[in-house]
Amino acid sequence: MTVLNLPVVDFGPYLDPNSTAEQRQAVDQAIDKACRHLGIFILKNHGVPDELCNRMLDCIRRFIQLPDEEKRKYDVASKVRGYVQSNQSLVEGLELHYENVGFYPPVNCLSNGLSPTIDPASPNARLPTSPDALGMPDAWPSDEFRAQTDEYLEHILQLKNRVHASIATSLGLGASSRKRFDDTIFALAFNGYQGLTESEVSNGGTNLPEHEDPGSDSDSTSLQVQDRDGKWYDVQPIPGAFVVNVGIILNRWTAGQYHATLHRVVHRSKKPRISAAVFVDPSFETSVAPLPELTPAGKSPAGQKEETFAEFFLDWIGETSESKY
Ligand SMILES: O=C(O)CCC(=O)C(=O)O
Ligand SMILES: [Fe+2]
């Protein structure tokens, strides 16, 4: 398979107080160009400390290395929360050759991740005990895991705000559209791909079938992406850098100007692999209709429904049980 050298965006000027407006503008242009082309790029000098990323990955690795019966305690029978074991067939005849543990805030959450019905000071504020439209609540393997993830997301939030500000500038957005970029929540998929034996290496298929995600992904290594002609490429990762890709919502908001990247994972190695996908989703009440600045005629592209992210997402997870899973 041909290796694709993704555009590499050096985010340094956004973090350096001495950078010039021209340097930051060059970053904006590079991100905008990549989002329009394949919808995917590598972000280096992103400001999230290497040491913190490594600690997060170690924490995920330690969880993935636990005995199966221990991990299964965190299976909450949801598509987006809790543990899903490898080879667990969610649809008859189709197996996923990877395991993952996912986290999704309460669906009635505010953009800060807190449920409006819960006192923010209460210990239940970030760990509701009742099911919502997505099923059972998150199942955190330990307080340490949770604290580690919170610390990581605090840094990712700053980065997300900067990247969204850059995109909003490139797209020439006004205050109301910028608000959609600000009102986001994080969903997480921490994925584990087993090391393979010699014969599995030569006989194996796809681990994570091709898909687009609603929110944009980041922080993963060695995956495959499809270009606009339908050809698949291996992505060449850069240690310490994030892979960032456009999801379905950014594609919709931009009326198709930004490309939602089709991607999949084919892990052919004797070494195990883990990845941390962070999805930036809009808050549930946010519209997923195209931004008014990008649709001068005031019309959505044909076939695109005017709906909130809640409506979109509940449909999407219903559909993915047939198409992605
Ligand atoms: O493991 C990876 O590199 C990608 C994971 C991914 O695309 C996902 O979890 O949606
Ligand atoms: Fe993905």
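Whatever order the structure lists ligands and atoms in, that order sets their numbers, starting from 1. As the structure is a computational prediction, the values presented were derived from the model and not from experiment.
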Can you name the atoms of ligand 1, numbered from 1 with element, that are less than 4.0 Å from a heavy atom of Val265? 1 (O), 2 (C), 3 (O), 4 (C)

Measuring centre to centre across the rings, with the benzene-like ring taken for any Trp, is Tyr104 within less than 6.0 Å of Phe313? yes

Distance flag, aromatic centroids of Trp253 and Phe181, threshold under 6.0 Å: yes

Provide the atom name of the closest N, O or S atom of Asp213 relative to the Fe ion (ligand 2). OD2

Give the contacting part of Leu208 toward ligand 1: side chain, backbone, both or neither, where contact means a heavy-atom distance below 4.0 Å. side chain

Taking side chain to side chain contact (heavy atoms under 4.5 Å, CB included) as the test, write out the residues that go with Lys33, two or more places apart. none

Side-chain heavy-atom pair His164, Asp182 within 4.5 angstrom cut-off: no

Does His211 reach ligand 1, in the sense of a heavy atom lying below 4.0 Å from it? yes

Please determine if the Fe ion (ligand 2) has an N/O/S atom from Glu212 lying under 2.8 Å away. no

Without swapping roles, check the side chain of Arg81 against the backbone of Pro105 for a donor-acceptor pair under 3.5 Å. yes

Numbered atoms of ligand 1 (with element) below 4.0 Å of His263, judged on heavy atoms: 7 (O)

So is Tyr193 touching ligand 1 or not, going by heavy atoms under 4.0 Å? yes

Where's the contact between Asp213 and ligand 1, heavy-atom distance under 4.0 Å: side chain, backbone, both or neither? side chain

Enumerated ligand 1 atoms positioned under 4.0 Å from heavy atoms of Ala277: 9 (O)

Which pair of heavy atoms, one from Val9 and one from Ala30, lies closest together, and at what distance? CG2-CB, 4.1 Å

Contact partition for Phe279 relative to ligand 1, non-hydrogen atoms under 4.0 Å: side chain

Determine, using ring centers only, whether Phe242 and His46 are less than 6.0 Å apart. yes

Atom indices of ligand 1, in the order listed, that fall short of 4.0 Å to a heavy atom of Ser275: 1 (O), 2 (C), 3 (O)

If the condition is side chain to side chain contact (heavy atoms under 4.5 Å, CB included), which residues does Glu70 pass it with, not counting sequence neighbours? Leu66, Pro67, Lys73, Tyr74

